[in-house]
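Indexing begins at 1, ligand by ligand and atom by atom, following the structure's order. Small disclaimer: the values here were computed from a predicted structure and weren't measured.
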Amino acid sequence: MIPEYLDPKFIPKHIACVMDGNGRWAEKRGLKRTDGHTAGEKSLFDVVEGAIEIGVEWFTVFAFSTENWKRPAKEVQFLLDFNEQIIIQRQEELNERNVRICFLGRRDSKVPKRILKRMKDAEDLTESNTGLTFTVAFNYGGRAEIVDAVQKVIDSGVKRVTEKTIERNLYNPAMPDPDLVIRTSGESRVSNFLLWELAYSELVFSNTLWPDFSRKDLFKAIKEFQDRDRRFGGLGES
Ligand code: FPP
């Protein structure tokens, strides 16, 4: 059910989310930082359900960045195992919900082969689904994505480059640019997320820490989005 305060004609097609504040949520409670990530899983799947409920077509989350390797080895290991467990445990239910799972990021030797295989299996299992496309940005960096796209262009021998040339060489050329990017936890930064794609996205920063975020907060962010005037560099409608 779409809440009555939202205009059903202007539900963003693609919402992307930086799920920030798990560590602080845990520290505030005297828990381990990793307990915050565990608590964040519940929020994530409540928000995914909310997105499905109101007909969002693409939903993308920043699960592990190219910079997250700099965290203490124990937390990196936890995050790798945690992501793997989520893929294993959630793929069947997402498949039943007609969700198509995609991964976005560098599939290089830093990522354990086992996890690369799980990612591919989840994508293969859900590739013909026609509902929400749920993209997990994993070992993802916006600058790395642009560098990788430019390298592909050079390797192809193309001599003239346009914006379309870059777009066609991003990790998933079929992914539309996000209409709305949400970051939780009160931080007002982009942190190397979807740098190319968010050129004209509306940014909503929420003070809520990710483990406290729910589909209600998602709907509130969409309300903020709907109250804005998107002009894409033009003069808009008014
Ligand atoms: C940021 O909190 C959150 C993360 C680095 C990871 C979040 C990952 C998930 C919830 C799992 C997603 C996995 C899949 C497969 C969909 P932080 O540690 O930066 O928090 P802080 O800013 O308070 O320290």
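Listed as neighbours of ligand 1 are M19, D20, G21, N22, G23, R24, R33, H37, L44, A63, R71, F82, N83, I86, F134, V136, each bearing a heavy atom under 4.0 Å from the ligand.
No side-chain N or O of D46 forms a donor-acceptor pair with one of S43 less than 3.5 Å apart.
Within the structure, salt bridge (charged side-chain N to carboxylate O under 4.0 Å, His left out) contacts touching residues 76-85 (residues at least two apart or in different chains) are D81-R114, E84-R114, E84-R118. Applying the salt bridge (charged side-chain N to carboxylate O under 4.0 Å, His left out) rule to pairs touching residues 145-157 yields R106-D148, sequence neighbours excluded.
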Using distance only, find each side-chain donor-acceptor pair of residues 128-138 under 3.5 Å and give its atom names and separation, not counting sequence neighbours.
{"from": "N129", "atom 1": "ND2", "to": "N95", "atom 2": "OD1", "distance (Å)": "2.8"}
{"from": "N129", "atom 1": "ND2", "to": "V99", "atom 2": "O", "distance (Å)": "2.7"}
{"from": "T130", "atom 1": "OG1", "to": "N98", "atom 2": "ND2", "distance (Å)": "2.9"}
{"from": "T133", "atom 1": "OG1", "to": "R100", "atom 2": "NE", "distance (Å)": "3.3"}
{"from": "T133", "atom 1": "OG1", "to": "R100", "atom 2": "NH2", "distance (Å)": "3.0"}

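Put simply, M19 and L94 are part of the same group of oily side chains (I, L, V, M, F, W, Y) that touch within less than 4.5 Å, one to the next.
Within 6.0 Å of atom CZ in R24, more than 12 heavy atoms from other residues, nucleotides or ligands are found, so the atom counts as buried in its surroundings.
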